[in-house]
Structure formats: structure tokens, C-alpha cells
Enquirer: 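One structure coming up, written as C-alpha cells, with questions to follow.
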Amino acid sequence: MTPQQYQPHEAVGQEPGQEPGQRGPGSGPLRWGGARVGAGRPALVVALTGPTLAKAADQARRAVSAGAEVLEMRVDLLEEVRQGLEAGPGPAASRILECLGGLYEAQAGMGAPGQSSAGADLEAPAPLLLTCRTTAEGGRAQVGDAAYREILLAVLEAVEALPRTARLAAIDVEVQRGCLPELAARAHERGIDVVGSFHDFEGTPGDAELEEVLAGMAAQGADLAKVAVMPLSAEDVARLLGVSARMSTALEVPVAAMSMGALGTISRVAPVFGSALTFVVVPDEEGEALASAPGQLPIEQVRRCLEWLGG
Ligand SMILES: O=C1C[C@@](O)(C(=O)O)C[C@@H](O)[C@@H]1O
């Protein structure tokens, strides 16, 4: 079996033979379904931006047929979840779980290989990364740190009850919310990887600060450390790329680094700086694509650039 084939009966995020939570830092690339993350060129991630579950399911379908390797479910952008968020952490977590289940149901209509009869697990067409991005980091979830922690803990608590392929390969945890170590421990108990996350939409912090943030995420249990920052000059972009190159070899976990906006697009298409993920868009039937952050490019262009530029 080649590494690219999806193996539906092994826990996502684990190497064969490993128990959930036993992968440990520094033990090589992550395996999210059929995707190897942190092994060579960046994995192509399509963020499902909704704004409804039905639209997200349609985006998932298009993304998978366009070759997305990972789907990011941006639950903060889904209307169904935002209604739950207004009612508090409990209802928000329930809505998130309903949406995960709904996306799973929608996969049944995708005609994915391995599609099976009702009740049986379907083969996941692409591994899922679940993200609840707060307003503090450029998202739409207007929640404080305590509610953020509560929501993600409740999701991790309940996720095991879902059909196996509706579960998650990974969960995004914002390091600045202060609950990364606790959430990482819970996620690892369930065989779910953790993407530590840091955003700055105002500028690009100094190299030392960015390096400290990335190293801090790894130290707090993240399986992948990610920063997305806004450049104010070409020099900011060059610095971010330098940080990415250095930290992707210095850290024992894969690193993802994005310079956002038009100025930073090179960071999304050049594989040699070591980023393990690149977020791309897939146009709908009208040719429209709702990006989850500024500067994301269509999947086809990014794929071609990665090939040209040595990925
Ligand atoms: O953290 C990231 C990276 C990102 O902000 C980007 O710049 O592509 C897009 C987000 O959806 C994702 O959660």
C-alpha cells in the first residue's frame, strides 16, 4: 500500500501500529488520512468557508475533485454554528458536531471510492482539520478564552460518538487563548493531531518573536506549529520565509508559515521554505471563491507553482 492511499481503519494522525497519542514530537511527518504532512512539499488545504453547511459540503466536493489533500472546516464561518455560538459554549459545540455529522452525510453523495451502505463507515475523501477561529485572530467566533476552551473540549469529548470518518485528523488551537497544553492532551488521547495557531493581521512580528511563538507551540504539545502574519513590506515577507526555513529544520514538529495578502503570495507557492501546509481556494460554478484569509490562490495555480518551484 502506498503512503498516499487512505487507510480507513487506522486512527487518523497515527503511524501504523501506534496507539493514539503515542506519535510524539519529532517522529516524522504527520499522517492525516492519505496525506503526509511535513514530508516535502506543502499539503494543499482548502478551507470550507460556507457560509452554510450545504455550501461547505458543496465546496468539499469540489475541493476533493480538484485534488485538495486536507479540508479545513472553518466552523466559525458557518451560519449554523454562529447561531449556536450566540447561545453559549454548549449549544456551539453541539452545532459543530452536527455540522461534522452533516458533512459526513454529504460525503455519501460524493460517490467517493469506498462508499458503502448505510450505517457503515464511508471512506473519507480528504482528512478534516477543524478550526474555530476567534475574532481576536481574524475569524468570526466572538468568544472569550474560557468559552473557546469549553467549546473545543466539548467537541473533543463528543467526537468519538461520530462515525469514524466524520472524526477529525486534526484540530486547530490558537496558542494565545491559553489552553493549548490541555487541549493537546485531550486531542492526543483520541488520536487527533493539534495544529498550534497564531495570527497577526496588523503586521509581521520580529523574527525572534515569531521563532519563540513557533517553538512555544511545539513545547505546549502542538503536532504542527503555524503562523500567518501580514507583511507591510517585501522585507517582512523575506523575514517570514527565513523564519519558516529556519524553524522547519530546527523544530521537531512540522511548521506552516504564511505571509498574508497580495504581497505575501510567494509564501503560499514556494515549497523550499519548509511550510508543511498551504491554504488554497477552489472556485464554485460561477468562478467565485471565498478565501478564508487574504492572499490565497486557486488550487491549480498553486499546484503548478509548487511543481515549477521544486515541490
Ligand atoms: O491559519 C490559517 C491560515 C490562513 O489564515 C491563511 O492565511 O491561509 C487561513 C486560515 O483558514 C487557516 O486557519
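We count ligands from 1, going down the list as the structure has it; atoms in each ligand are counted the same way.
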Enquirer: Considering only heavy atoms of Arg74, which atoms of ligand 1 have at least one such atom less than 4.0 Å away?
Expert: 10 (C), 11 (O)

Enquirer: What residue and heavy atom of the protein are closest to atom 4 (C) of ligand 1, and at what distance?
Expert: Ala293 CB, 3.7 Å

Enquirer: Can you check whether Thr52's main-chain N or O pairs, donor with acceptor, with Glu80's side chain at less than 3.5 Å?
Expert: no

Enquirer: Any Lys/Arg nitrogen of Glu79 or Arg82 sitting under 4.0 Å from an Asp/Glu carboxylate oxygen of the other?
Expert: no

Enquirer: Do we see a donor-acceptor contact under 3.5 Å between the side chains of Ser197 and Glu137?
Expert: no

Enquirer: Show the atoms of ligand 1 that are less than 4.0 angstrom away from any heavy atom in Gln296.
Expert: 6 (C), 8 (O), 9 (C)

Enquirer: So which protein heavy atom does atom 12 (C) of ligand 1 come closest to, and at what separation?
Expert: Glu72 OE2, 3.4 Å

Enquirer: Does this structure show an ion pair linking Asp58 with Lys55, if we count only N-O contacts that are shorter than 4.0 Å?
Expert: no

Enquirer: Considering only non-hydrogen protein atoms, determine which one is nearest to atom 5 (O) of ligand 1 and report residue, atom name and distance to 0.1 Å.
Expert: His199 NE2, 2.9 Å

Enquirer: Taking only heavy atoms of Met258, which atoms of ligand 1 are found under 4.0 Å from at least one of them?
Expert: 3 (C)

Enquirer: For the pair Asp207 and Arg239, find out whether any cationic side-chain nitrogen is under 4.0 Å from an anionic carboxylate oxygen.
Expert: yes

Enquirer: Distance to 0.1 Å, residue and atom name: give those for the protein heavy atom nearest to atom 1 (O) of ligand 1.
Expert: Lys226 NZ, 2.4 Å

Enquirer: Is it true that Glu174 and Arg133 make a salt bridge, defined as a side-chain N closer than 4.0 Å to a carboxylate O?
Expert: yes

Enquirer: For the CD atom of Gln296 and the OG1 atom of Thr265, what is their distance to the nearest 0.5 Å?
Expert: 12.0 Å

Enquirer: Which ligand 1 atoms are under 4.0 Å away from a heavy-atom of Ser292?
Expert: 9 (C), 10 (C), 11 (O)

Enquirer: What closest approach, in Å, do Val37 and Ala43 show between heavy atoms, and which atom pair accounts for it?
Expert: CG2-CB, 4.3 Å

Enquirer: For ligand 1, which atoms have a heavy atom of Met260 less than 4.0 angstrom away?
Expert: 7 (O)

Enquirer: Got an N/O contact under 3.5 Å between Thr131 and ligand 1?
Expert: no

Enquirer: Is any N or O atom of Arg268, backbone or side chain, closer than 3.5 Å to an N or O atom of ligand 1?
Expert: yes

